[in-house]
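All values below were derived from every heavy atom in this structure, side-chain atoms included, with hydrogens, water molecules and symmetry-related copies excluded. All chains are named by letter (A, B, ...) in the order of the sequence lines, taking the proteins before the strands, and each is independently numbered beginning at 1.
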Amino acid sequence: MRLYNTLSRQEEEFAPQRDGVVRMYACGLTVYARGHIGNFRTFLAVDLLRRTLRHVAGFEVHHVTNFTDVDDKTIAESQKAGVPLREYTTRFIEAFREDAASLGLEAPEDTPRATDQENLVAMADMIAALESRGHTYRSEGSIYFKISTLPQYGQLARLDHAGMISGARVDSDKYEKEDARDFVLWKATKPDEPTWDCGVGPGRPGWHIECSAMALRLLGPAPIDIHCGGVDLIFPHHENEIAQAEGATGHQFARFWFHVEHLLMDDGEKMSKSLGNVFTIRDILDQGYRASALRFLLISVHYRKQLRYSWATLQQAEEAVKRLYDCVLRLERVKDGTGADGWEARLETARADFRDKLQADVNVPGALGAVFELLREANAAVDAGTLSRAQAEATLTFFADCDKVLGVIALRRQEESAPPIPQDELDALMAARVQARRMRNFAEADRLRAELDARGVILEDSPTGTIWKRK
RNA sequence: GGCGCCGUAGCCAAGUGGUAAGGCAGAGGUCUGCAAAACCUCCAUCCCCGGUUCGAAUCCGGGCGGCGCCUCCA
């Protein structure tokens, strides 16, 4: 398995350090609003990574994704809504779970919240360790990380701080700091803000401390294998996570850094809550598009390339998913044939191709190519009537195995499981049409087809019978 | 101002030294009561200009264009 590592800016051979278990941490959502599709592009990329590690590379995975449920925005928004912070953020955690399920994200092994007691304690412990190692100072009730005490600071982002001048706003923090680059570990709180005291004095967590502390609490000891997140987190968030974890433990924090490029809107701008140009999963489903198509679109561009979202490409994804699912349906209905020559070997080639692509830095678009190449040949074999029942089954197994990683067919199957009209009514109408066709009463047969079409059901006739699909 | 990424057919997108995967759309054909689906055929020389090489979309240099980070952000 090869993975690009932001730390070295190179692709490297990857294997977990201990016991064949990959210990990975992915920065999650700040839960003051529903996540948008840009957020989910990243979560989907991480999902494909975890599925590849499990189902292709054969490792076990211990994957942690956090919810940031305390920061300036969550506090401000909950106050605006007049709802206690915990209750307010819980709503968006539930919304996230709903969206994640609709996109078919595998559940991480742990999804800690920053404000859970054991996590706050872990943060306080880490800050205490940093204090005893001389990496901090206190000022006006807050505790800061003193960057000048950590010579290796900046290795991930590779920023030239000496050259950080005009054009960049450096010091925007409202709090007192000795050096503009220093960052807050534990924030003094205002009277109306939630406060915790877990050993380092009253206050609330700074933005970065939760990830270092929770990652090591759940996945430690350092180093963990992979740390994931969007590219915008490289600096300052991940750089500061490294400073905290390494300052506190004296060991490397994470061996691999996996960063997902941004999703851009049609106009070429980054989608982000602060820019206000956001679409949620729900917005898109409400427009009548399927989650399976959205999933396909979001995984069909390599994770290290920017993905430009448009309705046209979503429609293209919809057509591709349809083609994939239709092939599966055909294979399921294949009657026993004489046997296609060399089909087993062909499946093996496709399988190897699929795996090779994914093992090369999770090249999902390349892997999709392998699937669709095989798909065309499978359709041709079905047309020719050569495929034996066993070969059809083997082909279905191939698709199912690919889908353990891609997760698109499973979603589509779920979407298609119930017809848009009552099943018994559908059955009756379809039976009536079979009867009409048998009597060569095509006018009646076409009338029934039109009636169903108007109600969202498409019929497809074939030598092996008629099947229905959602429109 | 500094750092970095990207530019492949009408659209989306792999490939990163050996002569352009795949998807969508389009054209023609086969099959078909109709309608679909499916199959077959066709559809690019890789932003521009130089250079290295037997050979470059792939390496180097210079342009042009797009985007990101340097500040909350997936």
Side-chain angles (χ1 to χ4, degrees), chain A residues 6 9 26-30 35-46 68 71-73 157-173 180 207 228-237 239 259-264 268-275 296-297 300-302 304-310 312-324 326-327 329-330 353 357 360 363-384 437 440-443 445-446 449-450 453 458-463 466-467 469:
Chain A
T6 308
R9 307 288 151 115
C27 288
L29 203 61
T30 300
H36 55 71
I37 56 175
N39 295 317
F40 280 95
R41 197 252 167 135
T42 298
F43 301 140
L44 229 20
V46 172
T68 297
D71 79 322
D72 291 348
K73 283 180 198 155
R158 300 188 180 180
L159 289 177
D160 175 11
H161 286 279
M164 271 169 66
I165 36 167
S166 59
R169 261 166 47 223
V170 172
D171 188 1
S172 65
D173 207 303
W207 175 31
C228 316
V231 284
D232 52 347
L233 297 184
I234 294 173
F235 188 86
H237 186 52
E239 197 64 65
H259 287 108
V260 184
E261 254 298 350
H262 282 302
L263 177 145
L264 307 178
E269 263 203 327
K270 178 171 104 166
M271 173 176 294
S272 80
K273 291 177 210 166
S274 27
L275 289 174
F296 187 96
L297 171 61
S300 68
V301 179
H302 186 89
R304 285 197 288 115
K305 277 200 169 177
Q306 292 173 336
L307 186 161
R308 203 161 175 141
Y309 179 85
S310 77
T313 54
L314 181 56
Q315 186 54 42
Q316 292 176 7
E318 165 61 27
E319 297 303 329
V321 174
K322 202 180 283 175
R323 177 167 163 80
L324 187 54
D326 280 351
C327 182
L329 292 181
R330 292 187 90 196
D353 192 12
K357 290 295 191 298
N363 183 354
V364 179
L368 285 171
V371 171
F372 278 95
E373 255 177 282
L374 190 280
L375 183 150
R376 191 190 65 251
E377 293 170 41
N379 270 328
V382 172
D383 277 356
R437 291 181 74 207
R440 305 197 63 80
N441 181 356
F442 294 122
D446 290 348
R449 174 194 289 290
D453 185 273
I458 291 173
L459 297 182
E460 287 184 12
D461 299 323
S462 80
T466 300
I467 59 167
K469 293 177 185 170

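Note on A/E373: only backbone sugar-phosphate atoms sit closer than 4.0 angstrom, heavy atoms only; bases stay farther off. Using a 4.0 Å heavy-atom distance criterion, A/N379 is classed as a sugar-phosphate-only contact. Residue contacts for A/G230: at a heavy-atom cut-off of 4.0 Å it reaches the sugar-phosphate backbone alone, with no base atom in range. Looking at heavy-atom distances under 4.0 Å, A/R323 makes contact with sugar-phosphate atoms alone, never a base. When heavy atoms are screened at a 4.0 angstrom cut-off, A/G38 is found touching base atoms of the nucleic acid. A/F372 comes within 4.0 angstrom of the backbone, heavy atoms only, and of no base. Using a 4.0 Å heavy-atom criterion, one finds that A/V260 contacts no nucleic acid atom at all. Within the 4.0 angstrom heavy-atom criterion, only backbone atoms of the sugar-phosphate kind lie near A/H302; the bases stay farther away.
Evaluation of atom-type donor-acceptor distances gives a pair under 3.5 Å for the side chain of A/D461 against the base of B/rC34. Residue side chain A/Q316 reaches the base of B/rG23 through a donor-acceptor N/O pair under 3.5 Å, judged by distance alone. Counting atom types as modelled, A/D446 pairs a side-chain N or O with a base atom of B/rG33 as donor and acceptor under 3.5 Å. Judged by distance alone with a 3.5 Å cut-off, no donor-acceptor contact links the side chain of A/R158 to the base of B/rG4. For A/R449 and B/rA35, a side-chain-to-base donor-acceptor distance below 3.5 Å is present, hydrogens and geometry of angles not being considered. Between the side chain of A/K305 and the base of B/rC6, no donor-acceptor pair of N or O atoms lies under 3.5 Å.
A/I458 places its CD1 atom 18 Å from the P atom of B/rC34, with the value rounded to the nearest Å.
Taking the C1' atom of each, B/rA74 and B/rG68 are spaced 13 Å apart, rounded to whole Å.
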* To do: Could you give me the CA-CA distance, side-chain angles and deciding distance for A/K357 and A/D353, then say whether salt bridge (Lys or Arg N to Asp or Glu O under 4.0 Å) is met?
  => CA-CA 6 Å; A/K357 290 295 191 298; A/D353 192 12; 2.8 Å; yes

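Dashed line: the shortest gap from a side-chain N or O of A/K322 to OP1 or OP2 of B/rG23 is not under 4.0 Å. The phosphate of B/rA38 (OP1 or OP2) has no side-chain N or O of A/R376 nearer than 4.0 angstrom.
Salt bridge annotation for A/R437-A/D446: absent, with no cationic side-chain nitrogen under 4.0 angstrom from a carboxylate oxygen.
Side-chain proximity of A/D232 to the nucleotides B/rC39, B/rG66, B/rC69 is greatest for B/rC69. For A/N363, taking side-chain heavy atoms from C-beta onward, the closest of the listed nucleotides B/rC72, B/rG33, B/rA14 is B/rA14.
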